[in-house]
There are 2 protein chains.
Amino acid sequence: MVTIYDIAQKANVSAMTVSKVINNTGRISEQTRKRVKKVMEDLNYIPNSNARSLVLQQTQILSLLITDITNPFYTSLARGAEDSAKKLGYRLLFGNSDEDYIKEQDYVDMILSTRVDGVLFAPAGDGSLKNLEKLRAHNIPFVILDRAVPGIESDIVSGDSRQGARNLVDYLVSLGHRRIALVNGSLDVSTARLRYEGYAEALQLQGIALDEDLVIHKSYREYKDEDQLARLLDLPAPPTAIFAANNFLAVGVIGALRKRGIRVPEDMSVVCFDDLDLSSALDPFLTVAAQPSYQFGAMGIQLLVERIQGSAVPEARKVVLPSELIIRSSAKTIGE
Amino acid sequence: MVTIYDIAQKANVSAMTVSKVINNTGRISEQTRKRVKKVMEDLNYIPNSNARSLVLQQTQILSLLITDITNPFYTSLARGAEDSAKKLGYRLLFGNSDEDYIKEQDYVDMILSTRVDGVLFAPAGDGSLKNLEKLRAHNIPFVILDRAVPGIESDIVSGDSRQGARNLVDYLVSLGHRRIALVNGSLDVSTARLRYEGYAEALQLQGIALDEDLVIHKSYREYKDEDQLARLLDLPAPPTAIFAANNFLAVGVIGALRKRGIRVPEDMSVVCFDDLDLSSALDPFLTVAAQPSYQFGAMGIQLLVERIQGSAVPEARKVVLPSELIIRSSAKTIGE
DNA sequence: TTGAAAGCGCTAACAT
DNA sequence: ATGTTAGCGCTTTCAA
């Protein structure tokens, strides 16, 4: 491998001079600089960033940990993070926890040993607490994405789950629905709790009694489980509308409904949190509370880098990105 | 930061002994091992992988470079790569070139300076040649994904674009179509060339003259450009079916068709290469030649690690993953 | 303007 | 079974 010493020798200077040329530090005569640069090109020299990191005590690497790479919400978020990181001169080390605390922990260990400069962390849920505490114990700056974790104070970029849920339920009520089911994520996850709260609040404000029989808590990823849904539909007074707490659950719900011959929206209205990606453009069908996922990533990196570089950054900044109600055709006026 | 020296001191041993405990090398008495381990835990010690990489001359990092993180094909591929890398003890450094040679080059430089052990490289197109040559010049093992690049001999995992295209066209012909348009990617990309060839071959075998007026070459990502499509539809004898060379182009085509009030499949049949993701489960609509994208990634990592670790690996292994024709409802018998 | 020396955290090779 | 030495490629400090 070509090192600065190879360059130094060929250019008849010291390694130190080469280093200065590379980093544009110190005073170097124009002549020397040119000569060194020439040799670097001739020899195809590429600095070894491991050696650099070792002495500098910083890597210029940021880590992004998400929970589900197949979900367009996170894909788009990743894109925002990547663009932003690139712009700011950082590399992105990428991890996918699959909503699994163990996998998440493995990634935390990897992150720690890589000595990344900071972490953009989308927690799997409340159980992420000890993983985040570990990062903190090692003084790695991090910004939390999407889901708050009780017990951790930090910068966080999140959506407004409560408000988004209320908008969705309000909308359904405005269509005449009163038996509205909630197919929720696990209560172990802050956004699921907030969506549940928003759902409950909206109902209360509309003077509709909350019926716990109409509420299912599963996981954001268990969109294929149809048993619980069956129970919902076999109720003496089944719902006329379903609010799915995320996009995947909505897809699962609709799939299961169709299997039973229940048409959406004719026989059942369905709305959800989070949009689907481009392919839904084929059939702009789902009525959703869409979140600005790209912004989650871009903004997250920005906060993170500010915290890494900035001296006087306020503690625990909370950025809340609003969701947008996009009315399409998966919900309709009741009884029409 | 806690180093092996801190551990060594607390445990009353030398740094070397600590190193041996960490790596399970050399002979260490059970007693010493226990004591050292205890101290490591007490001090929350995490090895510095940069220092390790520097002396070992290997990083245990693999790089994955894809061209479009928003495309489910690559997302799924990334997931396969990630799972596989994790299983084999490698970290994954992730890059997205956006089908852009310049961005791709930036990533190559980053990869080089990180001294990754190997690269899984999905090229943007033929112009990736010099980027791949650069990797080769620096002796970084790589495996190419999806698109062959003329001038580069290497391990490669690709689909069977020619055969997939033929299947799709044959299917359309079997439905009675004879004026079949091709909305293709750029001829700068091997898969686009092969899909074009497959298209042409299928037509010829069916005794249908190829009409270049029915062929459009754009880019795999330009799914929103409607001008060229308009030209196609305004032809004296417009097509009755369209073969889109990838999923995004199909979405664009269908969107544009609908804007003009042309229904799919009633007025126009549409098929494409590559499936959409889960969200298409909502409306299993598109008839596609689906590729096993997860396998692309998983298999790619496997070949890559074999090449990195293995001594006697044959040169330039070519793995071809077949596509599967999935017939849904975006194409129908002509005139029915 | 340039360079020598020391050290970042770790491990291979070689003692003891 | 354990320790000493040297060095991976780079930069900081200080001296020339």
Side-chain angles (χ1 to χ4, degrees), chain A residues 1-37 39-40 43-61 109-117 138-140, chain B residues 1-37 39-40 43-61 109-117 138-140:
Chain A
M1 200 177 9
V2 182
T3 74
I4 46 170
Y5 288 99
D6 301 321
I7 309 293
Q9 197 177 336
K10 273 244 186 190
N12 271 314
V13 292
S14 74
M16 201 50 242
T17 303
V18 178
S19 172
K20 280 172 183 156
V21 170
I22 293 169
N23 299 294
N24 261 310
T25 50
R27 294 162 213 300
I28 301 281
S29 75
E30 212 28 60
Q31 188 193 348
T32 315
R33 175 187 311 286
K34 282 237 172 76
R35 187 154 36 92
V36 170
K37 287 216 163 179
V39 176
M40 290 200 298
L43 264 48
N44 269 314
Y45 172 72
I46 307 255
N48 182 325
S49 62
N50 292 302
R52 217 151 174 281
S53 297
L54 195 55
V55 35
L56 256 26
Q57 300 283 49
Q58 53 153 331
T59 53
Q60 293 296 113
I61 295 180
D109 288 342
M110 183 198 96
I111 283 165
L112 253 15
S113 78
T114 307
R115 302 295 196 266
V116 302
D117 294 348
H138 285 269
N139 280 312
I140 312 283
Chain B
M1 201 177 8
V2 183
T3 74
I4 46 170
Y5 288 100
D6 301 320
I7 309 293
Q9 197 177 336
K10 275 246 185 187
N12 272 313
V13 291
S14 74
M16 201 51 238
T17 302
V18 177
S19 172
K20 282 172 183 156
V21 170
I22 294 169
N23 298 294
N24 260 309
T25 50
R27 315 197 171 285
I28 301 282
S29 76
E30 213 27 60
Q31 187 195 349
T32 314
R33 175 186 311 285
K34 283 237 170 79
R35 185 154 36 94
V36 171
K37 286 216 163 179
V39 177
M40 291 199 298
L43 264 48
N44 268 315
Y45 171 71
I46 307 256
N48 183 325
S49 62
N50 292 303
R52 218 153 173 279
S53 297
L54 195 56
V55 33
L56 256 27
Q57 300 283 49
Q58 53 153 330
T59 53
Q60 293 295 112
I61 295 179
D109 288 342
M110 183 198 96
I111 283 165
L112 253 16
S113 79
T114 306
R115 301 295 195 266
V116 302
D117 294 349
H138 286 269
N139 280 312
I140 312 283

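Since this is a predicted model, take the numbers as computed values, not measurements. Just so it is clear: chains get the letters A, B, ... in the order the sequence lines come, proteins before strands, and each one is counted from 1.
- Contact annotation: the side chain of A/Asn48 never approaches that of A/Thr3 to less than 4.5 Å [non-hydrogen atoms, C-beta and beyond].
- Using a 4.0 Å heavy-atom distance criterion, A/Ile28 is classed as a sugar-phosphate-only contact.
- Backbone-only contact: B/Thr32 has heavy atoms under 4.0 Å from sugar-phosphate atoms and none from a base.
- C/dG9 atom C1' lies 15 Å from atom CG of B/Leu43, rounded to whole Å.
- Checking D/dC10, D/dG3, C/dC10 against the side-chain heavy atoms of B/Pro47 singles out C/dC10 as nearest.
- Here A/Asn23 lies in heavy-atom contact (under 4.0 Å) with sugar-phosphate atoms only.
- Judged by closest nucleotide on DNA chain D, B/Ala15 is the one of B/Ala15 and B/Ala51 placed further toward the 5' end.
- Of the side-chain N and O atoms in A/Ser53, none sit less than 4.0 angstrom from OP1 or OP2 of C/dC8.
- Between A/Val21 and A/Ile28, the shortest heavy-atom distance links the atoms CG2-CG2, 4.2 Å.
- Counting to the nearest Å, the C1' atom of C/dC10 and the CZ atom of A/Arg115 are 11 Å from each other.
- An OP1 or OP2 oxygen of D/dG9 is reached within less than 4.0 angstrom by no side-chain nitrogen or oxygen of A/Arg52.
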Please determine whether side chain to side chain contact (heavy atoms under 4.5 Å, CB included) holds for the pair A/Ile7 and A/Leu43, giving the CA-CA distance in whole Å, both sets of side-chain angles, and the decisive distance to 0.1 Å.
CA-CA 8 Å; A/Ile7 309 293; A/Leu43 264 48; 4.0 Å; yes
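- Atom pair A/Leu56:CG and D/dT13:C1' shows a separation of 14 Å (rounding to whole Å applied).
- Taking only side-chain nitrogens and oxygens, A/Thr17 never comes nearer than 4.0 Å to OP1 or OP2 of C/dT2.
- Rounding to whole angstrom units, CG of residue B/Asn12 and P of D/dT2 are separated by 12 Å.
- Close to C/dA12, at under 4.0 Å from its OP1 or OP2, lies no side-chain N or O of B/Gln57.
- Look at B/Ser14 and you won't find any side-chain N or O under 4.0 angstrom from OP1 or OP2 of D/dT4.
- Across all strands shown, A/Ile22 has no heavy atoms under 4.0 Å from either base or sugar-phosphate atoms.
- Look at CE on B/Met16: it is 12 Å from C1' on D/dA6, rounded to the nearest Å.
- In this structure, B/Asn50 and A/Ser29 both approach DNA chain C, and ranking their closest nucleotides by distance from the 5' end singles out A/Ser29.
- Taking only distance into account, the side chain of A/Tyr5 meets the base of D/dC10 through a donor-acceptor pair shorter than 3.5 Å.
- Under a 3.5 Å cut-off, the side chain of B/Ser19 and the backbone N or O of B/Ala15 do not form any donor-acceptor pair.
- Counting to the nearest Å, the P atom of D/dT12 and the CG atom of A/Asn24 are 13 Å from each other.
- Distance CG (A/Asn48) to P (D/dG7): 18 Å, rounded to an integer number of Å.
- Distance CZ/A/Arg33 to CG/A/Asn24: 5.0 Å, rounded to 0.5 Å.
- Atom pair B/Leu54:CG and C/dT11:P shows a separation of 11 Å (rounding to whole Å applied).
- A/Arg115 CZ to A/Leu56 CG: the interatomic distance, rounded to the nearest 0.5 Å, is 15.0 Å.
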